Amino acid sequence: MTICFENETDQELDFDYENILEKVIRQAAEQEKCPYEFEVNVTFTDNDSIREINREFRELDVPTDVLSFPMVDYPAPADFSELEEENASAEYFHPETGELILGDIVISVERARMQAEEYGHSLKREICFLTAHSMLHLFGYDHIEDEERVEMEQRQEQILQALGIIRE
């Protein structure tokens, strides 16, 4: 598993985010039964930057807490069956490492800090939650329909609870 972290913000994170987010990412992959070694990129940014990214890629001119950029087209959430096809290797797997390229996670630390205060828990818990949420998007889940939203919320909580990350 390769996780590339990039911190583009000057906001301090008062916890070992690389260590805890690696656990969240690994737990999400185990929960979703990902059969491959994989690569994920995690970028921390601010509201202005995530707003610009949101405008560019989603045509929404507002800051958001997290953006997910999945690289795999799943037939159904966490259905890895099509990755076994011959041409999937070139499209979805890193040519040098052989790892499945899951995609990118972009988190606004500024927005996460505001939400943590609003919800009454720590910044650590909020960033772990956003990472779990985003990992599910990287595995093909969505929350457009109410049924999908409920399933994602349950899966997010299962990831965090498995690691003992509670509403702190």
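Computed from a predicted model, the values in this text were never measured in an experiment.
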Gap separating the [atom1] atom of [X] from the [atom2] atom of [Y], nearest 0.5 angstrom:
X	Y	atom1	atom2	answer
Met71	Glu39	CE	CD	9.5 Å
Leu130	Asp65	CG	CG	5.0 Å
Thr45	Arg111	OG1	CZ	13.5 Å
Gln161	Gln158	CD	CD	7.5 Å
Thr64	Ile107	OG1	CD1	11.0 Å
Phe129	Gln115	CZ	CD	8.5 Å

Original post:
Between the side chain of Glu110 and the main-chain N/O of Asn47, is any donor-acceptor distance below 3.5 Å?
Top reply: yes
Subject >> Expected output: side-chain Glu148 to main-chain Ile144 donor-acceptor under 3.5 Å >> reply: yes
Subject >> Close side-chain approach of Glu37 and Thr97, heavy atoms under 4.5 Å >> reply: no
Subject >> Ser81 side chain reached by Pro75 side chain, heavy atoms, under 4.5 Å >> reply: yes
Original post:
Where do Glu153 and Glu157 land on the side-chain contact (heavy atoms from CB on, under 4.5 Å) test, with the steps shown first?
Top reply: CA-CA 6 Å; Glu153 288 173 357; Glu157 285 304 317; 5.8 Å; no
Verify same cluster id: [X], [Y] (apolar side-chain graph, 4.5 Å):
X	Y	answer
Phe15	Phe5	yes
Ile50	Leu21	no
Phe69	Tyr92	no
Leu102	Phe57	no
Ile53	Val66	no

Subject >> N-O pairing of Arg26 and Glu22 below 4.0 Å >> reply: yes
Original post:
Ion pair present between Asp48 and Arg51, side-chain N to carboxylate O less than 4.0 angstrom?
Top reply: no
Write down the atom of [X], the atom of [Y], and the distance for their closest heavy-atom approach.
X	Y	value
Tyr141	Glu151	CE2-OE2, 3.6 Å
Pro77	Gly140	CG-O, 3.6 Å
Met135	Ala28	CB-CB, 3.8 Å
Phe139	Cys34	CE2-CB, 3.9 Å
Ser49	Asp46	N-OD1, 2.8 Å

Original post:
Would Glu99 and His94 satisfy side-chain hydrogen bond (donor to acceptor under 3.5 Å, both in side chains), going step by step from the backbone distance to the final call?
Top reply: CA-CA 5 Å; Glu99 292 178 319; His94 194 284; over 6 Å; no
Original post:
Given the rule in the side-chain contact (heavy atoms from CB on, under 4.5 Å) test, do Arg58 and Leu67 qualify, once you have shown the distances and angles that lead to the verdict?
Top reply: CA-CA 10 Å; Arg58 297 179 64 222; Leu67 290 171; 3.6 Å; yes
**OP:** Determine the sole option in Asp104, Ile105, Val72 for which the side chain to side chain contact (heavy atoms under 4.5 Å, CB included) test with Leu138 is passed.
**Re:** Ile105
Original post:
Got a sec, which pairs hit side chain to side chain donor-acceptor pair (under 3.5 Å) with one end in residues 3-21, sequence neighbours left out?
Top reply: Gln11-Arg113
**OP:** Could you check whether the rings of His143 and His133 sit parallel, tilted or perpendicular, using 30° and 60° as the cut-offs?
**Re:** tilted
Original post:
Would Asp146 and Arg149 count as a side-chain contact (heavy atoms from CB on, under 4.5 Å) if you check the C-alpha gap in whole Å, the side-chain angles of each, and the deciding distance to 0.1 Å?
Top reply: CA-CA 5 Å; Asp146 209 38; Arg149 179 189 54 77; 2.6 Å; yes
